[in-house]
Amino acid sequence: MSTTSLRYCLVQHEPVTSLDAFEHELAALVAEHPGVQLFVFPEMHVCGGEADGALAGLTHFIEPLDGPRDQRFRAAAQRHGIWLIPGSVYEATPGPDIQDAAAATLHTGEATAFNTVSAYSPSGERVASYRKVFPWQPYEQSTPGSEFTVFQLGEFGRVGLSICYDIWFPEHARQLAWLGADLLVNVVRTGTNDREQELVLCRATAIANQLSVLSVNAASPGSRGQSIAVDAEGRPRVRAVDASPQELVDTIDLADSRRVRRTGTAGVNRVWEQLDHSPIALPMYWGGVIQPSPIARDA
């Protein structure tokens with residue numbers, strides 16, 4: 001197997017209500033799926049069924065990024081020797097009045113938090129964190145993030161992080177690809193009727209940006225499931241056809257995105273090469289330009 005081939009597990013389960021429950025769940029999954037190197041859980045997986053976008057009354061789920069919950073995730077990844085993306089969590093927004101979860105409120109009494117996903121290495125290090133740039137407004141009350149996150153997943157390749165509604169914005173995935181992502185991981189908690197459209201967006205995102213996409217949604221009864229993995233040419237590798245609790249296990253070569261960018265999707269379309277010209281103005285972005293970085297262009 002290539003050193004860039006990654007064995008992963010998309011965990012389409014119902015949310016859990018405690019970190020103890022999560023640790024038991026993870027231990028069982030590691031035992032059931034030996035050889036898996038990366039486990040990915042849905043959006044707000046450890047925040048229980050209450051984490052429905054409205055933050056009022058959810059201060060018990062809000063912690064600073066480096067709080068006790070983070071330490072539990074670090075320890076779990078190290079204990080099992082795995083890469084771990086445990087789904088997103090509510091992260092307390094920084095500020096003088098935010099010292100811990102109990103204090104994570106505005107003067108109005110309404111909780112404020114980022115919707116944040118992190119990645120942990122087999123050595124127990126938090127190697128990346130990403131705050132959801134596009135909350136599903138006005139329903140989702142979390143504070144929007146302002147930065148895009150791509151990190152090196154060991155020897156396998158570069159991974160970009162994405163949370164649910166982010167997939168609806170083509171600029172988001174294009175930015176991650178521009179930063180050199182070989183793989184986009186999209187953690188989801190979609191319980192509405194638009195999961196069918198999200199599946200199309202996952203394939204379109206892979207095709208337009210020539211990177212692989214992993215999209216893991218929560219299971220019923222609160223969510224619509226239908227998790228999916230798509231390769232760098234937009235072809236589904238594995239998918240859940242319904243919302244039942246299940247795990248999708250597969251192996252994907254992260255170097256495939258670099259091959260596709262070099263030889264073309266279906267051996268024809270080399271979109272990054274097409275972009276490699278003099279800067280092209282983008283008036284709708286207030287002075288933005290198309291000018292791929294050396295990371296994406298030279299991949």
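For the single chain, residues carry numbers from 1 onward in sequence order. In this text, all values refer to a predicted model and were calculated from it rather than measured experimentally.
Of the N and O atoms on the side chains of Thr192 and Asp194, at least one donor lies less than 3.5 Å from an acceptor on the other residue.
In this structure, Phe148 has its ring center under 6.0 Å from that of His172. Between Tyr90 and Phe61, the ring center distance fails the sub-6.0 Å criterion. A ring-centre distance under 6.0 Å is not found for Tyr165 and Phe134. In this structure, Phe151 has its ring center at least 6.0 angstrom away from the ring center of Tyr130.
Of all the heavy atoms in Leu211 and Thr205, the pair that sits closest is CD1-O, 4.3 Å.
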Between Arg189 and Glu140, is the salt bridge (charged side-chain N to carboxylate O under 4.0 Å, His left out) condition met? List the steps.
CA-CA 12 Å; Arg189 188 162 173 172; Glu140 187 178 347; over 6 Å; no

Between Asn186 and Ser162, does the side-chain hydrogen bond (donor to acceptor under 3.5 Å, both in side chains) criterion hold? Intermediate values first, please.
CA-CA 5 Å; Asn186 179 237; Ser162 166; 2.9 Å; yes

Determine, stepwise, if the pair Asp231 / Arg237 fulfils salt bridge (charged side-chain N to carboxylate O under 4.0 Å, His left out).
CA-CA 7 Å; Asp231 72 13; Arg237 294 187 58 86; 5.0 Å; no

Under the criterion side-chain hydrogen bond (donor to acceptor under 3.5 Å, both in side chains), I'd like the reasoning laid out for Ser227 against Gln12: C-alpha separation, chi angles, the key distance, then a yes or no.
CA-CA 7 Å; Ser227 299; Gln12 181 176 293; 2.8 Å; yes

Run Asp166 and Lys132 through salt bridge (charged side-chain N to carboxylate O under 4.0 Å, His left out) and show every step you take.
CA-CA 7 Å; Asp166 289 331; Lys132 190 176 184 178; over 6 Å; no

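Because its NZ or CZ atom is both nearer than 6.0 Å to the ring centre of Phe114 and within 45° of the ring axis, Arg131 counts as a cation-pi partner of that residue. Remark: Arg174 qualifies as a cation-pi partner of Trp272 under the 6.0 Å distance and 45° angle criteria applied to the six-membered ring.
Residues forming a salt bridge (Lys or Arg N to Asp or Glu O under 4.0 Å) with Glu25 (at least two apart in sequence, or on another chain): none. For Glu198, the salt bridge (Lys or Arg N to Asp or Glu O under 4.0 Å) partners are Arg195, not counting sequence neighbours.
For the pair Arg262 and Glu273, the salt-bridge criterion is not met [side-chain N within less than 4.0 Å of a carboxylate O]. Contact check on Asp182 versus Arg258 returns a salt bridge, with a Lys/Arg side-chain nitrogen under 4.0 Å from an Asp/Glu carboxylate oxygen. By the 4.0 Å N-to-carboxylate-O rule, Arg74 lies too far from Glu125 to be salt-bridged with it.
The CG atom of Leu6 lies 6.0 Å from the CG atom of Leu254; values are rounded to the nearest 0.5 Å.
For the side chain to side chain donor-acceptor pair (under 3.5 Å) with Arg224, the qualifying choice from Thr190, Asn217, Asn193 is Asn193, the only one to do so.
Heavy atoms from other residues, nucleotides or ligands lying under 6.0 Å from CD of Glu155 number more than 12.
Ring planes of Phe41 and Phe22: perpendicular class, angle over 60° (limits at 30 and 60°).
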